[in-house]
Amino acid sequence: MKPRIPTILFVLAAVAATLFAAVSTYDFVQHLDRQLHGIHCSFVPGLGALDATGSSGCHAALMSPWSSVLRKAIWGGIPIALPGLAVYAFLLFRGLDLWLNRREGSRNATVFLFMASLLPVVTSIAMGVIAVGLIGEVCKLCVGMYVSSFVMAGTALWLWLASRKAPAEAGDGEGVVKPHVLSAIEGVGFVLLSVLVYVMLVPDASGYVGTCGSLKKPQDPYGVMVPLDANPSEKTMIEVMDPLCPACRGFSRRFEASGLGEAVHRVALLMPLDDTCNWMVSSAVHPGACAVSEAVLCAGDQATAVFDWAFEHQEEIREAATQDPAKAAEMVKAAFPAVASCVGSPAVRSKVNKSLRWAVANQLPVLQPQVFVEGVRLCDEDTDLGMDFALSRLIEGRIAAEKKEEGK
């Protein structure tokens, strides 16, 4: 018996979805060594060059707070692509079962296939909304999974409707609930087994927390630290950052999604990577960062609003400042007229210089973001995928250390 066209299309779509999910999971797993790696970002995985620049939509999606779950319990969390891979593999198995066992005319089998294929469709819609609305980037591997999911659901519906027109087979309409429940349990088993194996094999990164140094002079004698929240917490988290730094923006968004905000009081120490004001760099890594940093220092209670604006328009500001260094100041003054007379003034330029002097006094590298909880450094390798895991333990570790000191 030759397979029907919808069966062939279903199996092909399931193979494609499984491949996309497998590559996405592989890219995530590579980072469990706490290092940076190039990732696949192509509609045909393996065809294009790996993205090692961090500029692709796939990289943005991978490093976003929504790429994995249980981040506080496991370094990096469990990648969303992993259960997706298990679901696609299960659907591929069911499609091959219809094909090889000649069950394409079974109403029970095809209705279950259609119902099961709706799960990745719903997930694809949800993740697509997150990608466009929250991440602001679209991952090609994810798009591959989205399209494959809709093709699978469409062809499964085609098979089910065709089976309803065909003569009923033995068992159709009889004892429907039990086989469907068993099939669903089988599908859940695919997911649970994959997650269990992952959890058993994932390396323990807890030994790295708190081992990456500390500030020599954490005090702020010049008053250059910029509050990023109004939390009453006595635990202070210092973020050495640049308002035009993409990695700083990514860290900030991950932190806001982590739920750790109430545990610390966040303050920023500005280190603009722009040779207009920063004598530690020989060229403008982030053109326009000096002017925007001055605006942050000038804004007072509105500093977080300037940060948010800068994060939202980073690419636009850097591009404009590359063409004309004065453009960044013009843009920030237009957005925040209240800082216009302050930006570029000797007083605020002195403050930027004192911020850089603070970094020198603490022997900080020219690197961003750099994060310190009560003076203890969050390892640079833990500022992206491992942030929730390492930062939560670093905060807890400082609390535990202080309780121990109080008990002496």
Visitor: Check the surroundings of atom CG in Asp301: do more than 12 heavy atoms from other residues, nucleotides or ligands lie under 6.0 Å from it?
Guide: no

Visitor: Check for a donor-acceptor pair, side chain of Asp33 on one end and backbone N or O of Gln35 on the other, with a separation under 3.5 Å.
Guide: yes

Visitor: Test side-chain hydrogen bond (donor to acceptor under 3.5 Å, both in side chains) on Ser67 and Arg71 and set out the steps.
Guide: CA-CA 10 Å; Ser67 67; Arg71 288 182 172 229; 2.8 Å; yes

Visitor: Are the side chains of Cys277 and Pro272 in touch, meaning some heavy atoms are under 4.5 Å apart?
Guide: yes

Visitor: Side chains of Ser149 and Tyr88: do they bring a donor and an acceptor to under 3.5 Å?
Guide: yes

Visitor: Judged by atom type as modelled, is there a donor-acceptor pair below 3.5 Å linking the side chain of Lys72 to the main-chain atoms of Leu391?
Guide: no

Visitor: Could you label the plane-to-plane angle of the Phe251 and Phe255 rings as parallel, tilted or perpendicular, counting under 30° as parallel and over 60° as perpendicular?
Guide: parallel

Visitor: Can Ser233 and Asn231 be said to form a side-chain hydrogen bond (donor to acceptor under 3.5 Å, both in side chains), step by step?
Guide: CA-CA 5 Å; Ser233 175; Asn231 290 346; over 6 Å; no

Visitor: Take Phe10 and Leu91 through the test side chain to side chain contact (heavy atoms under 4.5 Å, CB included) and record every step on the way to the result.
Guide: CA-CA 9 Å; Phe10 182 91; Leu91 290 171; 4.1 Å; yes

Visitor: Does a sphere of radius 6.0 Å around OH in Tyr198 hold more than 12 heavy atoms from other residues, nucleotides or ligands, not counting ones at 6.0 Å or beyond?
Guide: yes

Visitor: Name all residues meeting the salt bridge (Lys or Arg N to Asp or Glu O under 4.0 Å) criterion together with Arg254; count only those two or more places apart in sequence or in a different chain, and write none if there are none.
Guide: none

Visitor: About how many Å separate CG of Leu244 and CZ of Phe307, when rounded to the nearest 0.5 Å?
Guide: 10.0 Å

Visitor: Any side-chain heavy-atom pair from Pro65 and Asp388 closer than 4.5 angstrom?
Guide: no

Visitor: Looking only at heavy atoms, which two atoms of Ala109 and Arg103 are closest? And how far apart?
Guide: CB-NH2, 3.5 Å

Visitor: How would you list, by chain and number, every residue that makes a side chain to side chain donor-acceptor pair (under 3.5 Å) with Arg377, sequence neighbours excluded?
Guide: Gln370, Asp380

Visitor: Counting only N and O atoms by type, is there a donor-acceptor contact under 3.5 Å from the side chain of Asp275 to the main-chain atoms of Asn278?
Guide: no

Visitor: Would you check if the side chain of Asp274 reaches a backbone N or O of Ala284 as a donor-acceptor pair within less than 3.5 Å?
Guide: no

Visitor: Hey, what do you get for OG (Ser252) to CZ (Phe311), rounding to the nearest 0.5 Å?
Guide: 4.5 Å

Visitor: Is any NZ, NE, NH1 or NH2 atom of the basic residue among Arg249 and Glu312 found under 4.0 Å from an Asp or Glu carboxylate oxygen of the other?
Guide: no

Visitor: Taking all non-hydrogen atoms of both residues, which atom of Glu294 and which atom of Gly344 are closest, and how far apart?
Guide: OE1-N, 2.8 Å

Visitor: Would you say that Val264 contacts Leu260 through its side chain, given a criterion of any heavy-atom pair below 4.5 Å between the two side chains?
Guide: no

Visitor: Go through the steps for Ser24 and Met145 under the test side chain to side chain contact (heavy atoms under 4.5 Å, CB included), then give the verdict.
Guide: CA-CA 10 Å; Ser24 181; Met145 285 185 268; 4.2 Å; yes

Visitor: Distance from Glu374 atom CD to Ile395 atom CD1, nearest 0.5 Å?
Guide: 10.0 Å

Visitor: Cation-pi check for Phe389 against Arg393: NZ or CZ below 6.0 Å from the six-membered ring centre and within 45 degrees of the axis, yes or no?
Guide: yes

Visitor: Would you check if the side chain of Ser68 reaches a backbone N or O of Pro79 as a donor-acceptor pair within less than 3.5 Å?
Guide: no

Visitor: Closer than 3.5 angstrom, by distance alone: can the side chain of Asn362 be matched with the main-chain N or O of Lys217 as a donor-acceptor pair?
Guide: yes

Visitor: Quick one: does any side-chain atom of Gln368 pair with a main-chain N or O of Ala247 as donor and acceptor, under 3.5 Å?
Guide: no

Visitor: Which residue is it: Leu161, Thr7, Leu159? I am looking for the one with a side chain to side chain contact (heavy atoms under 4.5 Å, CB included) to Thr110.
Guide: Leu159

Visitor: Please name the pair of heavy atoms, one in Val292 and one in Ala310, separated by the smallest distance, quoted to 0.1 Å.
Guide: CG1-CB, 3.7 Å

Visitor: Are any non-hydrogen side-chain atoms of Glu239 and Leu269 less than 4.5 angstrom apart?
Guide: no

Visitor: Evaluate His59 against Cys41 for side chain to side chain contact (heavy atoms under 4.5 Å, CB included), listing each step before the verdict.
Guide: CA-CA 8 Å; His59 186 275; Cys41 196; over 6 Å; no

Visitor: Between Val352 and Leu270, is the side chain to side chain contact (heavy atoms under 4.5 Å, CB included) condition met? List the steps.
Guide: CA-CA 7 Å; Val352 172; Leu270 292 163; 5.9 Å; no

Visitor: Should the pair Arg4 and Trp160 be classed as cation-pi, given the thresholds of under 6.0 Å to the six-membered ring centre and 45° from the axis?
Guide: no

Visitor: Looking at Gly38 and Gln30, what are the two nearest heavy atoms and their distance?
Guide: O-NE2, 3.5 Å

Visitor: Find the distance between NZ (Lys216) and CD (Gln363) and round it off to the nearest 0.5 Å.
Guide: 5.0 Å

Visitor: Are Pro227 and His265 packed together at the side-chain level, in the sense that at least one heavy-atom pair is separated by less than 4.5 angstrom?
Guide: yes

Visitor: Within this structure, what is the CG-CD1 distance for the pair Leu215 and Ile238, rounded to the nearest 0.5 Å?
Guide: 5.5 Å

Visitor: So which heavy atom on Phe20 is nearest to which on Ser42, and how close?
Guide: CE2-O, 4.1 Å

Visitor: So does His40 get a backbone contact from the side chain of Asp27, meaning a donor-acceptor N/O pair under 3.5 Å?
Guide: yes

Visitor: Spell out, as yes or no, whether a donor-acceptor pair under 3.5 Å connects the side chain of Asp220 to the backbone of Val224.
Guide: yes

Visitor: I need the minimum non-hydrogen distance between Ala303 and Val226, along with the two atoms involved.
Guide: CB-CG1, 3.5 Å

Visitor: May I have the step-by-step check of disulfide (SG to SG under 2.5 Å) for Cys142 and Cys58, ending in yes or no?
Guide: CA-CA 8 Å; Cys142 301; Cys58 296; over 6 Å; no

Visitor: Without swapping roles, check the side chain of Ser64 against the backbone of Ala61 for a donor-acceptor pair under 3.5 Å.
Guide: yes

Visitor: I'd like to check Trp309 versus Val332 (side-chain heavy atoms, cut-off strictly below 4.5 Å). Are they in contact?
Guide: yes

Visitor: Regarding Glu330 and Lys327, does a basic nitrogen lie under 4.0 Å from an acidic carboxylate oxygen?
Guide: yes

Visitor: Can you name the disulfide bond (SG atoms under 2.5 Å apart) partners of Cys212, sequence neighbours left out?
Guide: Cys379

Visitor: Is there a side-chain contact between Gln302 and Phe336 in this structure, where contact means two heavy atoms from C-beta onward sitting under 4.5 Å apart?
Guide: no

Visitor: Working to the nearest 0.5 Å, report the span between OH of Tyr208 and CH2 of Trp75.
Guide: 10.5 Å

Visitor: Do the non-hydrogen side-chain atoms of Trp358 and Val240 ever get within less than 4.5 Å of each other?
Guide: yes

